[in-house]
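Notes follow the structure.
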Amino acid sequence: MFGSVEEVQERFHRARYIASRRIATVVFLAERMGRPVLIEGPAGVGKTELAKVLAEATGRRLIRLQCYEGLDEGKALYEWKYAKQLLYTQLLKERIGELIEDTHSLPEAVAKIAGQDDAFFSYHFLSPRPLLSAIQAEDEVVLLVDEIDKAEPEFEAFLLEVLSDFQVSVPELGTITAKHIPLVALTSNNARELSDGLKRRCLHLFIDFPAPQEELQILRLKVPEITERLAGAVVTVVHRIRALELRKPPSVSESLDWARSLVILNAAALEPGLVESTLTMLVKYERDLERVRGALDKVLADLG
């Protein structure tokens, strides 16, 4: 458990994540209040990384549910190991024959076999998916529901029910209640509007692209071998490129990759030829590349 907002920042920094006061406050309150955190913002600003660092900072295991179109509760909760059930049925064929040998009709035989359901619908044949794994966990865990906006509203409604009670029903086994309430982080890239119900259930945290000084801190922390001069130039250029209204502005992770590539290339400064040859580390669409190339003089002006 975190003792204070400052402790959140300190532990996150040890895990190489710079948490602003606002981020640290939401994390602190979420843990104390037992509430999920809904983390929204552009792709690549560190939403998923925040959940991973939260697990590391609290010493909890991370369980991740990656959302996608078509995800349903069956794929998120559990599956029965039908192949294993079938194998056991084949192995126990003789015992099943002994069980029904004194029956005189098909309905009687079916009823007698049905009475053995507990043997084949047990935890032994259950394959937990991320949601059930988090609820069944013997230890305290962090549950990451990644990119919830990619799932359909029907799944979102089901998830809201699970997060409200932290219990699920398996028809063959009954209701399973969480032994430890997990710390839950949901991320969204705003591909669609999420329901008011989900937003009410969660503490909300919006993470945008960091301010230049904050991004410089991140760069120094993640790429310590970069020179002070080059780090400052990288941050300046990245922020100028983001201002060009591209289809996909460079993310923080992409700016870090660019910085690492410049270090590998032994760059001392951002020369136009070097920047142009490494732009694909930052910009991923051809039209965006053309726009950046067209504005390169402006982007690189007055770097010192």
Side-chain angles (χ1 to χ4, degrees), residues 26 30 35-55 61-83 126-137 141-172 176 178 182-209 242 245-254 257 280 282-288:
V26 172
R35 297 276 295 278
V37 181
L38 173 60
I39 312 167
E40 295 189 289
V45 293
K47 301 185 297 296
T48 300
E49 185 67 16
L50 174 60
K52 293 178 179 179
V53 172
L54 176 60
R61 182 163 54 95
L62 179 71
I63 296 177
R64 180 175 180 175
L65 172 63
Q66 179 62 52
C67 297
Y68 53 87
E69 188 176 345
L71 177 66
D72 59 28
E73 59 183 83
K75 295 169 184 172
L77 267 177
Y78 66 90
E79 287 183 341
W80 288 108
K81 300 176 185 176
Y82 293 115
L126 191 68
S127 179
R129 295 306 185 200
L131 288 183
L132 185 57
S133 294
I135 288 174
Q136 281 187 307
V141 301
V142 170
L143 171 63
L144 167 60
V145 182
D146 215 5
E147 299 184 308
I148 180 61
D149 52 321
K150 287 187 177 179
E152 280 84 359
E154 292 77 13
F155 178 78
E156 184 186 324
F158 159 73
L159 182 65
L160 181 60
E161 183 180 349
V162 173
L163 296 181
S164 296
D165 302 325
F166 287 103
Q167 64 180 31
V168 296
S169 292
V170 179
E172 298 84 357
I176 302 173
L183 276 174
V184 181
L186 304 95
T187 72
S188 168
N189 294 330
N190 298 314
R192 68 171 177 85
E193 187 67 27
L194 300 177
S195 70
D196 291 340
L198 184 65
K199 289 187 175 182
R200 281 196 305 271
R201 181 71 184 83
C202 302
L203 300 186
H204 186 261
L205 177 61
F206 183 85
I207 301 179
D208 205 346
F209 294 116
R242 284 180 189 148
E245 298 182 358
L246 305 178
R247 175 179 174 183
K248 184 188 179 300
S251 68
V252 175
S253 59
E254 286 161 344
D257 284 342
T280 52
L282 283 175
V283 184
K284 307 301 181 182
Y285 292 94
E286 189 60 33
R287 185 174 296 179
D288 288 349

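Predicted, not measured: the structure shown is a model, and the values here were computed from it.
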Let me confirm one number: the CG-CD distance from Leu186 to Glu40, rounded to the nearest 0.5 Å. 10.0 Å
Lys47 side chain to Ile207 main-chain N or O, any donor-acceptor pair under 3.5 Å? no
Would the distance check show the side chain of Lys284 and the main-chain N or O of Thr280 forming a donor-acceptor pair, the cut-off being under 3.5 Å? yes
Between Leu144 and Leu54, is the side chain to side chain contact (heavy atoms under 4.5 Å, CB included) condition met? List the steps. CA-CA 10 Å; Leu144 167 60; Leu54 176 60; over 6 Å; no
Only counting residues at least two apart or in another chain, list the ones meeting salt bridge (Lys or Arg N to Asp or Glu O under 4.0 Å) with Lys52. none
Any side-chain heavy atom of Phe206 within less than 4.5 Å of one from Asn190? yes
Heavy atoms, side chains only, cut-off 4.5 Å: are Ile135 and Leu143 in contact? no
For the pair Arg64 and Asp146, find out whether any cationic side-chain nitrogen is under 4.0 Å from an anionic carboxylate oxygen. yes
Residues two or more places apart in sequence or in another chain: which of them pass side-chain contact (heavy atoms from CB on, under 4.5 Å) with [X]?
{"X": "Val26", "value": "Val37, Leu203, Leu205"}
{"X": "Asp149", "value": "Glu147, Ser188, Asn189, Ala191, Arg192, Leu194"}
{"X": "Arg61", "value": "Ile63, Ala137, Asp139, Val141"}

For the residue pair [X] and [Y], what are the closest heavy atoms and their distance?
{"X": "Ala51", "Y": "Val142", "result": "O-CG1, 4.1 Å"}
{"X": "Ser251", "Y": "Glu254", "result": "N-OE1, 2.8 Å"}
{"X": "Val252", "Y": "Arg242", "result": "N-NH2, 3.8 Å"}

With sequence neighbours excluded, tell me which residues meet ring pair (Phe, Tyr, Trp, His ring centres under 6.0 Å) with Phe209. none
Under the rule for ring pair (Phe, Tyr, Trp, His ring centres under 6.0 Å), what residues qualify as partners of Phe166, not counting sequence neighbours? none
Are there more than 12 heavy atoms of other residues, nucleotides or ligands under 6.0 Å from atom CD of Glu161? no
Whether over 12 other heavy atoms sit under 6.0 Å from Asp208 CG: yes
